[in-house]
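Start at 1 and go down the list; that is how both ligands and their atoms are numbered. Counting begins at 1 with the first residue of the sequence.
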Amino acid sequence: MRTRFAPSPTGPLHLGHAFAALTAFERGRMLLRIEDIDTARSRPDWETQIYNDLAWLGLDWPRPVLRQSGRLSAYRAALDRLCAMGLTYPCRCRRADIRAALSAPQAGAPVIGPDGLVYPGTCRERPLSEAGPEDAIRLDMARALDRLGPHLPAFTETGPMHPGPHRLDARALIETVGDVVLARRDLGTSYHLAVVVDDAFQEIDEVTRGEDLFEATPIHVLLQALLGLPTPAYHHHRLILDDAGKRLAKRDDARAIALYRAEGASPADIRRMVGL
Ligand code: GLU
């Protein structure tokens, strides 16, 4: 079974990453993917540190490693297909515009989805021919669902927290996810599009990743169905929390594997710390 660990080289690997990588490694043949599309935040030295820390933990993976920065034309091709299907539109709204639209009296209570505030659809009627460098490209969720018809796809969850198959729910996708960004203005792609294209390209059987991404999974399954790509199984694992019960973030350098290493911890110590 092919699994993957897909870190972004935007900070040191911390205990949460170690747990994700160890989980992927234990559940199958772990492929590594460097998610470095965000070139403003990604740094080669963080990438090197990822390789060092993973090797130190006793993991290995097939080479060459897939790096998203080298895959932009594949994302572009997928975006073009969705555009050709008439499922996208250009959007020039900034965060402040979205907040303003949502605070209008008739707007109702704003909903927070996997990408933040659910987009109110301000630009939805703009034609794609208007798209320029100032625009992001959004998926028209209602049209995408129409295209798939009444029998929506499902995914299998093998993780401990959300057992069972999950069929996509059109109403939930419209109301709590909405018109997600497929291509950011600055990047030409988005996390959702890139991850879907790459999981298919790497022939991943089971996507192992943190519970925080469970809510994003229906977006990925939807994109797979639209693009005619296979849907892997998903295994969302628990998150490693800090002492205050908050999930670890890249800025929690105190939990960096490199720091534990420097203090003389062993890989077995790390496994214990993450509850393995
Ligand atoms: N690159 C993401 C991260 O560093 C993980 C994405 C995924 O596993 O789908 O959190």
Q. Quick one: do Leu182 and Tyr119 end up in the same hydrophobic cluster if we chain Ile, Leu, Val, Met, Phe, Trp and Tyr together by side-chain heavy atoms under 4.5 Å apart?
A. no
**Q.** Polar proximity ligand 1 side, Ala6 side, N/O cut 3.5 Å exclusive
**A.** yes
Q.
Counting only heavy atoms, tell me which of His192, Gln68, Glu35, Arg209 gets closest to atom 6 (C) of ligand 1.
A. Glu35
Q) Which of the atoms in ligand 1, numbered in the order shown and given with their element, are less than 4.0 Å from a heavy-atom of Val195? A) 9 (O)
Q | Enumerated ligand 1 atoms positioned under 4.0 Å from heavy atoms of Tyr191 | A | 6 (C), 7 (C), 9 (O)
Q) Of the listed options (His220, Arg4, His236), which comes nearest to atom 8 (O) of ligand 1 when hydrogens are ignored and any heavy atom counts? A) Arg4
Q. Should Val207 and Phe201 be regarded as members of a common hydrophobic cluster, given that ILVMFWY residues are connected when their side-chain heavy atoms come within less than 4.5 Å of each other, either directly or indirectly?
A. no
(Q) So that I can tick it off, tell me whether Arg271 and Glu26 are bridged by a salt bridge, with the cut-off set at under 4.0 angstrom between side-chain N and carboxylate O. (A) yes
Q. Does His17 come within less than 4.0 Å of ligand 1, judged by its heavy atoms?
A. no
**Q.** Part of Leu213 within contact of ligand 1 (heavy atoms, under 4.0 Å)
**A.** side chain
Q.
Arg147: which residues meet the salt bridge (Lys or Arg N to Asp or Glu O under 4.0 Å) condition with it, sequence neighbours left out?
A. none
Q. Are Ile204 and Leu32 in one and the same hydrophobic cluster, where Ile, Leu, Val, Met, Phe, Trp and Tyr link if side-chain heavy atoms are under 4.5 Å apart?
A. no
(Q) Under the ring-ring contact (aromatic ring centres under 6.0 Å, His included) test against His162, which residue among Tyr234, Phe155, Phe214 passes? (A) Phe214
